[in-house]
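This report concerns only the one structure given below.
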Amino acid sequence: MKALVIYDSGFGNTKSIAEAIATGLSSLNAKVLPVGQLRPEDISSGDLLVVGSPINGWRPTQKTLEALSRLGSRGLAGVVAAGFDTRVKLFIHGDAARKITKTLKDAGASIVAKPMAFYVKGTEGPLLDGETSRAAAWGEELSANARAYGTQRSA
Ligand SMILES: Cc1cc2nc3c(=O)[nH]c(=O)nc-3n(C[C@H](O)[C@H](O)[C@H](O)COP(=O)(O)O)c2cc1C
């Protein structure tokens with residue numbers, strides 16, 4: 001199983017979270033890539049794919065939506081996946097993580113974690129205290145869930 005964390009980022013906060021998640025996924029030797037550099041053929045059945053985007057106007061960024069659409073047209077059967085976003089802590093903030101997760105699921109991926117949100121203080125950041133540690137812990141959880149899923153499938 002290999003792991004890929006792909007992200008879009010305007011000001012670097014989502015990139016920092018993607019890198020922290022990859023640290024937590026260290027046992028899977030995760031690769032971190034900007035969403036535009038993802039080639040759908042880089043992903044095979046059995047891999048773990050994590051996709052993250054800032055919320056921009058209540059949804060994932062355009063680049064993220066385009067990458068998801070490319071992935072979706074190829075199909076993600078057998079791929080294990082999860083989605084996250086970064087957002088400002090507001091009463092009404094919209095959502096990107098749920099939309100990413102739903103699109104991954106609709107493309108055939110097996111979802112191994114609930115959509116996850118990480119918080120920035122303002123549009124350009126910085127991240128709230130503790131968010132990179134929380135991202136690393138989430139990465140560890142993903143890695144355990146993905147392994148358990150793989151074991152279950154081959155049993
Ligand atoms: C054009 C634009 C629209 C945004 N819309 C939202 C929004 O609807 N809800 C929200 O919580 N944050 C919103 N934000 C704040 C972003 O989520 C925040 O800038 C992002 O998490 C920072 O991550 P980045 O450094 O990776 O770009 C918006 C930011 C921009 C630039």
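Fair warning: this is a prediction, and the values are worked out from it, not measured in the lab. Every number for a ligand or one of its atoms is a count from 1 in the order of the listing.
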Exercise. Are Arg147 and Ser27 linked by a side-chain donor-acceptor pair shorter than 3.5 Å?
Worked result: yes

Exercise. Is there a donor-acceptor contact under 3.5 Å from the side chain of Thr101 to the main chain of Ala97?
Worked result: yes

Seminar exercise, completed: Looking only at protein heavy atoms, what sits closest to atom 8 (O) of ligand 1 is Trp58 N, 2.9 Å

For this session: Provide, to 0.1 Å, the distance between atom 13 (C) of ligand 1 and the closest protein heavy atom, together with that atom's residue and name.
Result: Ile55 O, 3.2 Å

Exercise. Are any of the side-chain nitrogens in Asp42 or Lys31 under 4.0 Å away from the carboxylate oxygens of its partner?
Worked result: no

For this session: Identify, by atom number and element, the atoms of ligand 1 in contact range of Ser9, meaning under 4.0 Å from any of its heavy atoms.
Result: 24 (P), 25 (O), 26 (O), 27 (O)

For this session: Look only at the side chain of Asp8 and the backbone of Val35, and say whether a donor-acceptor pair between them is shorter than 3.5 Å.
Result: no

For this session: Could you go through the side-chain contact (heavy atoms from CB on, under 4.5 Å) check for Thr64 and Thr61 one step at a time?
Result: CA-CA 5 Å; Thr64 309; Thr61 62; 2.7 Å; yes

For this session: Specify the protein heavy atom at minimum distance from atom 22 (C) of ligand 1: its residue, its atom name, and the distance to 0.1 Å.
Result: Thr123 O, 3.5 Å

Seminar exercise, completed: Among non-hydrogen protein atoms, atom 21 (O) of ligand 1 lies closest to Thr86 OG1, 2.7 Å

Exercise. Do Tyr149 and Ser110 have side-chain atoms, one donor and one acceptor, less than 3.5 Å apart?
Worked result: yes

Exercise. For atom 5 (N) of ligand 1, which of Ala96, Ser16, Gly57, Ala117 has the closest heavy atom?
Worked result: Gly57

Exercise. Are Glu19 and Lys15 ion-paired here, with the side-chain N under 4.0 Å from a carboxylate O?
Worked result: yes

Problem set entry | Which residue and heavy atom of the protein sit nearest atom 2 (C) of ligand 1, plus the separation | Asn56 ND2, 3.6 Å

Problem set entry | Electrostatic pair Lys102-Asp106, nearest N-O below 4.0 angstrom | yes

For this session: For Val120, take its heavy atoms, then give the atoms of ligand 1 lying under 4.0 Å from any of them.
Result: 21 (O)

Problem set entry | Side-chain donor/acceptor of Glu131 to backbone N/O of Phe118, under 3.5 Å | no

Problem set entry | Those residues that, when tested against Lys121, pass side chain to side chain donor-acceptor pair (under 3.5 Å) (two or more places apart) | none

Exercise. Among protein heavy atoms, which sits nearest to atom 25 (O) of ligand 1, and what does the distance come to when rounded to 0.1 Å?
Worked result: Asn13 ND2, 2.7 Å

For this session: For atom 9 (N) of ligand 1, grab the closest protein heavy atom and report residue, atom and distance to one decimal in Å.
Result: His93 O, 2.7 Å

Seminar exercise, completed: of all protein heavy atoms, closest to atom 27 (O) of ligand 1 is Gly10 N, 2.7 Å

Exercise. For ligand 1, is there an N or O atom under 3.5 Å from any N or O atom of Val88?
Worked result: yes

Exercise. Are any of the N/O atoms in Glu124 less than 3.5 Å from those in ligand 1?
Worked result: no

Exercise. Going by heavy atoms, is Gly12 under 4.0 Å from ligand 1?
Worked result: yes

Exercise. Got an N/O contact under 3.5 Å between Thr14 and ligand 1?
Worked result: yes

